[in-house]
2 protein chains.
Amino acid sequence: MARTKNTPNDPDRRARILAATVGLLQDEGLSAISARAVATRAGVPVGSVSYHFDSVRALLLEAARSIIELREASLTSWGQTVTAPTIHERLAELVHTQITTGRAITVVAYELYLLGLRDGDFRALGNEATNVLYRQLACHVPEADAHHLATLADGLQLHSLFRTPAPGPEELAAALRPPASPG
Amino acid sequence: MARTKNTPNDPDRRARILAATVGLLQDEGLSAISARAVATRAGVPVGSVSYHFDSVRALLLEAARSIIELREASLTSWGQTVTAPTIHERLAELVHTQITTGRAITVVAYELYLLGLRDGDFRALGNEATNVLYRQLACHVPEADAHHLATLADGLQLHSLFRTPAPGPEELAAALRPPASPG
DNA sequence: CAAGAGTATGTACGTGCGTACATAATCTCA
DNA sequence: TGAGATTATGTACGCACGTACATACTCTTG
């Protein structure tokens with residue numbers, strides 16, 4: 001039976017499906033992701049999703065990679081604002097952005113990150129994501145300090161996502177500096 | 001139609017369904033949880049699960065509560081081994097246990113914790129889980145130090161779950177102490 | 001002993017899923 | 001211009017889901 005003509009070939013369709021995936025992850029979370037839901041969001045038939053991506057898992061891996069790339073680009077810009085004496089303030093500002101305006105993508109990053117606890121391919125990406133901040137910090141402070149701050153910032157960011165209202169940059173900076181009392 | 005007689009009433013059935021849920025969470029993760037999967041694991045018909053728990057979400061909330069109770073009991077014991085001068089070593093030992101012998105339950109705890117980013121009831125439990133360690137630490141060190149160490153330990157624990165092999169207690173203790181260079 | 005509460009059980013409904021694949025259209029290149 | 005590669009599309013399969021609920025059994029209490 002003749003069907004409606006196909007739409008013209010769309011060179012950006014794969015990229016748009018991926019962008020739809022990231023959008024849906026931000027709005028509704030990992031549990032809302034299916035081939036049909038992404039297809040609806042991208043405005044394409046479900047067959048397009050399975051044509052361009054081998055599986056839903058392959059799609060999520062690709063989405064995780066693209067989020068890491070976004071993060072890396074934004075951390076590269078951020079890294080240029082950092083000096084060793086201002087590192088706590090700059091890091092506090094970064095964390096503040098990630099828990100406020102960038103909250104949705106940060107939440108998704110953690111959801112995908114945790115897939116790495118049970119899936120080797122996601123684990124590799126999770127380690128990559130962790131290293132992105134570490135490398136920026138290591139440009140400005142000794143390696144031990146960079147590890148310390150990256151670990152502390154991650155814990156602080158995760159805890160801060162649970163707080164209402166979100167802590168401000170000053171509070172975050174204080175949390176990043178070593179406490180005044182001898183430990 | 002006459003059916004096989006019911007099994008005798010089982011006063012522990014609800015608790016056993018809950019234990020089966022926690023077991024399944026540890027072995028296969030959050031994505032493997034369904035009423036049918038839990039019923040199979042518990043050795044009961046699926047109607048038992050929906051009789052005792054209003055929904056799968058209610059079941060997961062109850063599982064999260066029971067994991068927090070287990071954690072609280074184990075931290076209460078642990079808290080009695082801590083003194084202020086040994087806090088980094090004891091905390092390192094605690095983290096080491098949680099990423100090695102206690103790895104499965106720690107991974108589940110994070111999976112359930114992240115549900116709190118999108119669900120208010122889980123969020124409340126997530127805050128409770130965070131406070132459990134903080135309160136133990138605050139018995140031994142000033143509040144600012146307790147916050148700092150709880151945040152750092154959480155970030156360290158999460159990062160360490162991704163490392164193979166897992167870092168040892170000495171490395172963890174070093175990561176928990178402030179770095180030697182002035183920051 | 002019987003009524004009633006609590007528990008156990010099996011079935012069913014509507015829904016959505018992942019993925020495969022046959023078919024057809026679009027586009028490129030020789 | 002036509003062959004072939006690539007892309008688009010709709011349909012279908014088998015599976016599993018969450019939850020409801022009718023029915024029946026077990027146990028407790030008066």
Side-chain angles (χ1 to χ4, degrees), chain A residues 1-25 27-64 111-112 115 118-119 121-122, chain B residues 1-25 27-64 111-112 115 118-119 121-122:
Chain A
M1 172 234 269
R3 73 160 103 102
T4 309
K5 281 180 158 190
N6 288 0
T7 57
N9 284 14
D10 175 6
D12 297 324
R13 179 161 293 191
R14 187 176 199 275
R16 285 187 17 251
I17 289 170
L18 198 47
T21 304
V22 174
L24 194 55
L25 280 163
D27 292 345
E28 297 181 40
L30 186 55
S31 64
I33 297 300
S34 68
R36 284 171 177 75
V38 167
T40 301
R41 178 75 171 231
V44 301
V46 71
S48 265
V49 177
S50 55
Y51 176 78
H52 285 283
F53 296 92
D54 289 340
S55 61
V56 172
R57 176 178 177 273
L59 179 58
L60 287 173
L61 277 165
E62 206 64 35
E111 286 176 331
L112 294 169
L115 294 181
R118 299 186 188 271
D119 182 310
D121 290 328
F122 283 98
Chain B
M1 174 233 269
R3 71 159 104 104
T4 311
K5 284 182 157 188
N6 289 359
T7 57
N9 285 12
D10 176 5
D12 296 323
R13 179 159 292 191
R14 189 177 197 276
R16 284 186 19 252
I17 289 170
L18 198 46
T21 303
V22 174
L24 196 53
L25 279 163
D27 291 345
E28 297 182 39
L30 186 56
S31 64
I33 298 300
S34 68
R36 284 171 176 74
V38 168
T40 299
R41 179 76 171 230
V44 301
V46 72
S48 266
V49 177
S50 55
Y51 176 78
H52 286 282
F53 295 91
D54 289 340
S55 61
V56 173
R57 176 178 177 273
L59 178 58
L60 287 173
L61 278 166
E62 204 65 34
E111 286 177 332
L112 294 170
L115 294 181
R118 297 187 190 270
D119 182 311
D121 290 329
F122 283 98

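A, B, ... follow the sequence lines: proteins, then strands. Residue 1 opens every chain.
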Which heavy-atom pair separates [X] from [Y] by the least distance, and what is that distance?
X	Y	result
A/Val38	A/Ala20	O-CB, 4.1 Å
A/Ser31	A/Glu28	OG-O, 4.5 Å
B/Ala63	B/Leu18	N-CD1, 3.6 Å

Does A/Thr7 make a side-chain N or O approach to OP1 or OP2 of C/dA25 shorter than 4.0 Å?
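Checking A/Thr7 against C/dA25: no side-chain N or O falls below 4.0 Å of OP1 or OP2.
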To the nearest 0.5 angstrom, please state how far the OG atom of A/Ser34 sits from the CG atom of A/Leu24.
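Between atom OG of A/Ser34 and atom CG of A/Leu24 there are 8.0 Å.
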Just verifying a value: how many Å separate A/Ile17 CD1 and A/His52 NE2, rounded to the nearest 0.5 Å?
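A/Ile17 CD1 to A/His52 NE2: 5.0 Å, rounded to 0.5 Å.
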Please tabulate the protein-to-nucleotide N/O contacts below 3.5 Å involving nucleotides 28-30 of chain D, giving atom names and distances.
none

Distance, rounded to the nearest Å, where [X] contributes [atom1] and [N] contributes [atom2]:
X	N	atom1	atom2	value
B/Glu28	D/dA16	CD	C1'	15 Å
B/Asn6	D/dC25	CG	C1'	4 Å
A/Ile33	C/dC17	CD1	C1'	14 Å
B/Asp10	C/dT9	CG	C1'	14 Å

With sequence neighbours excluded, give me every salt bridge (Lys or Arg N to Asp or Glu O under 4.0 Å) pair touching [range].
range	answer
residues 42-63 of chain A	A/Arg57-A/Asp119, A/Arg57-A/Asp121, A/Glu62-A/Arg65
residues 29-41 of chain B	B/Asp27-B/Arg41
residues 7-25 of chain A	A/Asp10-A/Arg13, A/Asp10-A/Arg16

Heavy-atom contacts under 4.0 Å between [range] and DNA chain D, which residues?
range	result
residues 12-24 of chain A	A/Arg13
residues 48-61 of chain A	A/Ser48, A/Tyr51, A/His52
residues 40-47 of chain A	A/Pro45, A/Val46, A/Gly47

So, using side chain to side chain contact (heavy atoms under 4.5 Å, CB included) as the criterion, who are the partners of B/Val56 when residues are at least two apart?
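Residues passing side chain to side chain contact (heavy atoms under 4.5 Å, CB included) with B/Val56: B/Ile33, B/Ala35, B/Leu60.
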Which of the following nucleotides, C/dT19, D/dT19, D/dA8, is nearest to the side chain of B/Arg36?
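For the B/Arg36 side chain, the nearest candidate turns out to be D/dT19.
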Ignoring the backbone of B/Asn9, work out which of C/dA8, D/dG18, D/dT7 is nearest its side chain.
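Between C/dA8, D/dG18, D/dT7, the one nearest the side chain of B/Asn9 would be C/dA8.
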Output all residues satisfying side-chain hydrogen bond (donor to acceptor under 3.5 Å, both in side chains) with B/Thr21, sequence neighbours left out; order by chain, then residue number.
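B/Thr21 satisfies side-chain hydrogen bond (donor to acceptor under 3.5 Å, both in side chains) with no residue once adjacent residues are dropped.
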Only counting residues at least two apart or in another chain, list the ones meeting side-chain hydrogen bond (donor to acceptor under 3.5 Å, both in side chains) with B/Arg118.
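Counting only residues at least two positions away or on another chain, B/Arg118 forms a side-chain hydrogen bond (donor to acceptor under 3.5 Å, both in side chains) with A/Glu111.
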Are any of the side-chain heavy atoms of B/Thr7 and B/Val44 separated by less than 4.5 Å?
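SC-SC contact between B/Thr7 and B/Val44 ruled out.
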Report yes if the side chains of A/Leu61 and A/Leu112 come closer than 4.5 Å at any heavy-atom pair, otherwise no.
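Answer no - side chains too far apart.
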